[in-house]
Amino acid sequence: MMENFYITTAIDYVNGAPHIGHAFEKIYTDILFRHFKKRIDNVFFLTGSDEHGIKIQKTAKAAGITPKELCDINSAQFKEAWNLLDINYSKFIRTTDEYHEKTVQDIFEKLLQKGDIYKHNYTGLYCSGCETFLNPKDLDAEGNCPIHGKKPEEVSEENYFFKLTKYKERIIEHIKKNPEFILPEFRANEVLNQLENIEDISVSRAKSSVEWGIEVKSDPTQVIYVWIDALSNYITGLGYSVDGNHSDNFKKFWPANFHIIGKDILKFHSIYWIAILMALDVELPKSIYAHGWITIDKNKMSKSIGNVISPKSVMKDFALETPDALRYFMATAAVNGKDGNYSDVDFKEKVNADLANNMGNLLNRTLNMLVKYFDGEIKEEFISDNELNKKAEKVLSEVEKLFDKCDIQAAANCIINLVDEANKYVNDTAPWALAKEEKMEECGKVLYNVLNLMVKIALLIEPYCPNIAQSMANQLKFDINLKYSEIRANMLKAGKLTSKEEIIPVFLRLDSEFAANKK
Ligand code: MSP
């Protein structure tokens, strides 16, 4: 059993506003975080913004403001979006934060002194979208960057290079020895293939070409190039110090349990970051999980197609009071590590089916029957061990195993299947018919079994839908902050549970005409 738990997201470029793709990852990570919070006492969740580099510099120039002003405006928008989505991060790091900049400079100097960073004259193909030099082998048939579809610029500069090749064999060995290091497992081969062709990487740019970056302390003509700056956030955010004088948070939480990132930046995390840590003699993270990408109506989101949507606009269009529906949809939109799709129609259908018709209605009608037949009271004789308890126990253990591999979609399916079973149980046992036949004890047992199960469902669904779960807890009168280890067979005690006035639907169907009208 782990004692401490540390999870991170990628830090977003803030040269634009947050979109649903950024939101997908933050929701994904928040769900993992909230789940592990139910298993472990000491937990830390780091997210933030990546604020240096040529793209920010250019966007700010076009807007007639300084890069820092642009970052201040946009990082505030990211924070606002995460707030709206109930992303419960422990800390938001900005790469323009002073402590971060200072530690990144120290890291650079340490690697320079060690000889792992060296100066070299270089001509290469630079993609400003990726903020990286590309290997000609990585380009598509038209000679474009495969991710951004644009021709990289030929850049000739004297830069500092990091000896990535020195660590190649150790990284290969580490990946092969640790099957949980790269998740989902099918991505590991991709990384091993990329490792075949790696070369040393450029880790600085001449200030004459990029001004907006952290200066190299011992050479002010150069700025530290974005990846070494950005990747270091995972340790500077905790309080890492090159001289070994680490903060308590660093001592407590490093190494990270999970770095959650998109598939497009897996190479930077599983190769570059790992080599940097090896060079610094810092322990390696336990797992790197690469999620897939969210498309919109099956199209890649892009400014040129004009289909970029923000989490805020979805919340507004569907008049959502809480983000739970969007969180749930995002969590179930993609099969483990594969791409997923958002469409208004799918969104509405999925949440109406699972959250309103399936889960919400079950609780609502069961509570109403308890009021109708028993004046809202649970009687001692209703409490018995039953099949649903055994099923719940099994699901809890399956869900934990799936979360250990970050497979939150399969875990959500497990939970909803359990709700399906409970619905089937109610339909099969027909408590209304039992009441009619005056088999009151039997009827009460059925209602108890379902309500008792709903306590566990609420605890399991809380990471996905914290507001719905809270509403379930209010109506079933238990503490939603219970740990999973505190789950017992029978959670509800005898006594008055509820009354007509206290019963409210936990989730109202999305009845927006919006999706249909918009098309
Ligand atoms: N700044 C770098 C990451 C540095 S991490 C040390 C970066 N920023 S980004 O803003 O371009 O992307 C941030 C994260 O959002 C990445 O993990 C990326 O994969 C993810 N996504 C961006 N668009 C996405 C979708 N359409 N769908 C899902 N995730 C997407 O890369």
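Atoms within a ligand are numbered from 1 in the order they appear, just like the ligands themselves.
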Does an N or O anywhere in [X] fall below 3.5 Å from an N or O of ligand 1?
| X | value |
| --- | --- |
| F24 | no |
| W293 | yes |
| D50 | yes |
| D264 | yes |

Inset, instruction - Could you tell me whether Y289 and Y28 have their ring centroids closer than 6.0 angstrom? - result: yes
Inset, instruction - Indicate, with yes or no, if the rings of Y272 and W227 have centres closer together than 6.0 Å. - result: no
Inset, instruction - Using distance alone, with no hydrogens and no angle criterion, decide if Y342 and D344 have a side-chain donor and acceptor under 3.5 Å apart. - result: yes
Inset, instruction - Just jot down the ligand 1 atoms closer than 4.0 angstrom to any heavy atom of H22, in number order. - result: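 Counting from 1, the qualifying ligand atoms are 10 (O), 15 (O).
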Inset, instruction - Number the atoms of ligand 1 from 1 as they appear, then name those within less than 4.0 Å of a heavy atom of W227, with their elements. - result: 3 (C), 4 (C)
Inset, instruction - Closest by any non-hydrogen atom to atom 28 (C) of ligand 1: pick that one out of S302, G129, G21, A10. - result: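 The nearest heavy atom belongs to G21.
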Inset, instruction - Spell out, as yes or no, whether a donor-acceptor pair under 3.5 Å connects the side chain of E190 to the backbone of R187. - result: no
Legend entry - Location of contacts on D12 toward ligand 1, heavy atoms closer than 4.0 Å: both
Legend entry - For ligand 1, the portion of I265 having any non-hydrogen atom under 4.0 Å away: side chain
